[in-house]
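Reviewing the structure listed below.
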Number of protein chains: 2
Amino acid sequence: MDSEDNSSFGYDAFRRTCPSHTVLETLANKWVYLVVCALRRGRLRNGELARKLEGITPKMLTQTLRILERDGIVRREIFPVIPPRVEYELTELGQNLAGLLNQIRSWSEQHVPDIRDARARASMEPQEDSVARG
Amino acid sequence: MDSEDNSSFGYDAFRRTCPSHTVLETLANKWVYLVVCALRRGRLRNGELARKLEGITPKMLTQTLRILERDGIVRREIFPVIPPRVEYELTELGQNLAGLLNQIRSWSEQHVPDIRDARARASMEPQEDSVARG
DNA sequence: CCGGATCCCTTTCGATACTG
DNA sequence: CAGTATCGAAAGGGATCCGG
């Protein structure tokens, strides 16, 4: 048994043709992260999301929401009123996921200094000491 | 205090100009996920990584590793021998992160059926029942 | 207010071939 | 074995106009 890190159900995200690889590919997206995290505390309207996700264009917001809706992570509720009102909320599956994605977001915030330092060190371009020795 | 989901240090990944946003952007990448997860159990050589990450091209592998190295997530060790031998391993920072990323990978594998079902349902294109009512 | 449809530029990524 | 260079295809993403 060499599948120590694959305690799952025969799926293996390291394999390109594995469906789980596609799922991972979907999640590995900045806007997906942020939208899911934004909805974590409850339902939001389109405009509220747009304001919360600073700089997102309507197009990307809609596109991201459609993907998440298609994958059963977000539920969309349309109120047939004028002016239109649409609300988005996480499904149970989405809430499950949101916990994990939010940890990554939190990690990103907490480790800004570490990464900033690492980049600074990297840009000092340390030269390899000596070399060779067949 | 409306920063309930930002218990961090004034960083806010929802803001485009926030450094944490950039960090999140770096992490929101399929190959980053997989490389970090692959290194989770210990150091690997370039070729070992290439074999584990089915379908990754040398170019993407190198590029991903350089980014991770620059950000202090991966450490690279070069053995000055012929033929060349290079090993990669997670730094402490990287190990910290790997735990989180691996949860996402695991989630992707576990929820393949859920997402497959959701997509199937979505492709049935459910029509909205009635509408309107100013 | 919600969001679909286009146009278009930029970046990314894969495939391939090559060097030390 | 490790890594670089180049090229073309594809996707990401902004701007804008339009419709319900």
Side-chain angles (χ1 to χ4, degrees), chain A residues 15-17 21-22 24-35 38-39 43-70 74-89 128 130-134, chain B residues 16-17 21-22 24-35 38-39 43-70 74-89 122 125 127-128 130-134:
Chain A
R15 297 198 156 266
R16 297 190 85 187
T17 54
H21 185 97
T22 305
L24 190 67
E25 219 162 357
T26 301
L27 301 181
N29 176 298
K30 178 178 68 166
W31 295 126
V32 165
Y33 266 75
L34 293 176
V35 167
L39 290 173
R43 52 169 52 201
L44 290 175
R45 296 186 59 174
N46 186 311
E48 294 172 324
L49 278 169
R51 275 184 296 279
K52 190 161 181 62
L53 276 63
E54 188 186 84
I56 194 172
T57 58
K59 174 185 165 182
M60 289 313 298
L61 179 54
T62 297
Q63 180 178 311
T64 304
L65 286 166
R66 289 297 168 278
I67 291 170
L68 293 174
E69 192 189 2
R70 180 201 62 182
V74 160
R75 185 180 302 115
R76 174 163 146 220
E77 185 169 1
I78 306 172
F79 297 84
V81 297
I82 305 289
R85 178 185 184 91
V86 179
E87 291 184 359
Y88 296 93
E89 66 177 346
E128 312 291 341
S130 74
V131 271
R133 187 197 54 113
Chain B
R16 297 190 86 187
T17 54
H21 185 97
T22 305
L24 190 67
E25 217 162 358
T26 301
L27 300 182
N29 177 298
K30 178 178 71 169
W31 296 125
V32 165
Y33 267 75
L34 293 176
V35 166
L39 289 173
R43 52 169 51 200
L44 290 175
R45 299 184 60 173
N46 186 311
E48 293 172 324
L49 279 169
R51 274 185 296 278
K52 188 161 182 63
L53 277 63
E54 188 187 85
I56 195 172
T57 59
K59 173 184 164 182
M60 288 313 298
L61 180 55
T62 297
Q63 179 178 311
T64 303
L65 286 166
R66 289 296 171 280
I67 290 170
L68 293 174
E69 190 189 3
R70 180 201 63 183
V74 158
R75 185 180 303 114
R76 173 161 145 226
E77 186 169 3
I78 306 171
F79 298 84
V81 297
I82 305 289
R85 178 184 185 92
V86 178
E87 292 184 357
Y88 295 93
E89 67 178 345
E125 291 291 314
Q127 65 285 356
E128 313 291 339
S130 75
V131 270
R133 188 195 54 111

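Please read these numbers as outputs of a predicted model, since none were measured by experiment. Letters A, B, ... are given to chains in the order of the sequence lines, protein chains preceding strands, and every chain is numbered from 1.
When every heavy atom of Leu53(A) is checked against every heavy atom of Leu34(A), the shortest pair comes out as CD2-CB, 3.8 Å. Closest approach of Leu39(A) and Tyr88(A) over heavy atoms only: CD2-O, 3.4 Å. Contact detail for Glu54(B) and Trp31(B): the closest heavy-atom pair is O-CH2, 4.4 Å. Closest approach of Ala28(B) and Asn29(A) over heavy atoms only: CB-C, 3.7 Å. Shortest non-hydrogen contact noted between Arg16(B) and Gly55(A) is CD-CA, 3.4 Å.
The distance from atom CD1 of Ile78(A) to atom C1' of dC2(C) is 10 Å, rounded to the nearest whole Å. Per the geometry, CD1 belonging to Ile56(A) stands 9 Å off P belonging to dG13(D), to the nearest Å. Put simply, CZ on Phe79(A) is 12 Å from P on dC2(C), counting in whole angstrom units. When rounded to the nearest whole Å, the span between CD of Gln63(B) and P of dT11(C) equals 13 Å. Rounded to an integer number of Å, the gap from Arg45(A) CZ to dC1(C) P is 8 Å. Rounded to whole Å, atom P of dA5(D) lies 16 Å from atom CE of Met60(B). Separating the CG atom of Leu34(B) from the C1' atom of dC13(C) is a distance of 15 Å, rounded to the nearest angstrom. In this structure, the CD atom of Glu25(B) is 13 Å from the P atom of dT11(C), given to the nearest Å.
The terminal axes of the helix from dC1(C)-dG20(D) to dG20(C)-dC1(D), fitted over 5 pairs per end, subtend an angle of 40° to the nearest 10°.
Of the side-chain N and O atoms in Thr57(A), one or more sit less than 4.0 angstrom from OP1 or OP2 of dG14(D). Contact between the side-chain N/O atoms of Tyr88(A) and the OP1/OP2 oxygens of dG3(C) is found at a separation under 4.0 Å. Look at Arg85(B) and you won't find any side-chain N or O under 4.0 angstrom from OP1 or OP2 of dA2(D). OP1 or OP2 of dC2(C) has not a single side-chain nitrogen or oxygen of Arg76(A) nearer than 4.0 Å.
In this structure, the separation between CG on Leu49(A) and OG1 on Thr64(A) is 10.0 Å, given to the nearest 0.5 Å. Rounded to the nearest 0.5 Å, atoms CG (Asn46(B)) and CZ (Arg51(B)) are 9.5 Å apart.
Residue Arg76(B) forms a salt bridge (charged side-chain N to carboxylate O under 4.0 Å, His left out) with just one option from Glu89(B), Glu87(B), Glu69(B), and that option is Glu69(B).
Within the 4.0 angstrom heavy-atom criterion, only backbone atoms of the sugar-phosphate kind lie near Pro83(A); the bases stay farther away. Using a 4.0 Å heavy-atom distance criterion, Pro58(A) is classed as making no nucleic acid contact. Contact annotation for Arg16(B): backbone-only contact, meaning every heavy-atom pair under 4.0 Å involves sugar-phosphate atoms and none involves a base.
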(message) Please determine whether side-chain contact (heavy atoms from CB on, under 4.5 Å) holds for the pair Arg75(B) and Arg43(B), giving the CA-CA distance in whole Å, both sets of side-chain angles, and the decisive distance to 0.1 Å.
(response) CA-CA 9 Å; Arg75(B) 185 180 303 114; Arg43(B) 52 169 51 200; over 6 Å; no
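Each of Arg66(A) and Asn29(B) was assigned the nucleotide of DNA chain C with the nearest heavy atom; the assignment lying further toward the 5' end belongs to Arg66(A).
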Could you run down the sub-3.5 Å N/O contacts of the protein with nucleotides 7-10 of chain C?
none

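In this structure, of dG3(D), dG14(C), dC1(C), it is dG3(D) that holds the atom nearest to the side chain of Val86(B).
For Arg15(A), the CZ atom sits in a loose shell: 12 or fewer heavy atoms of surrounding residues, nucleotides or ligands are nearer than 6.0 Å.
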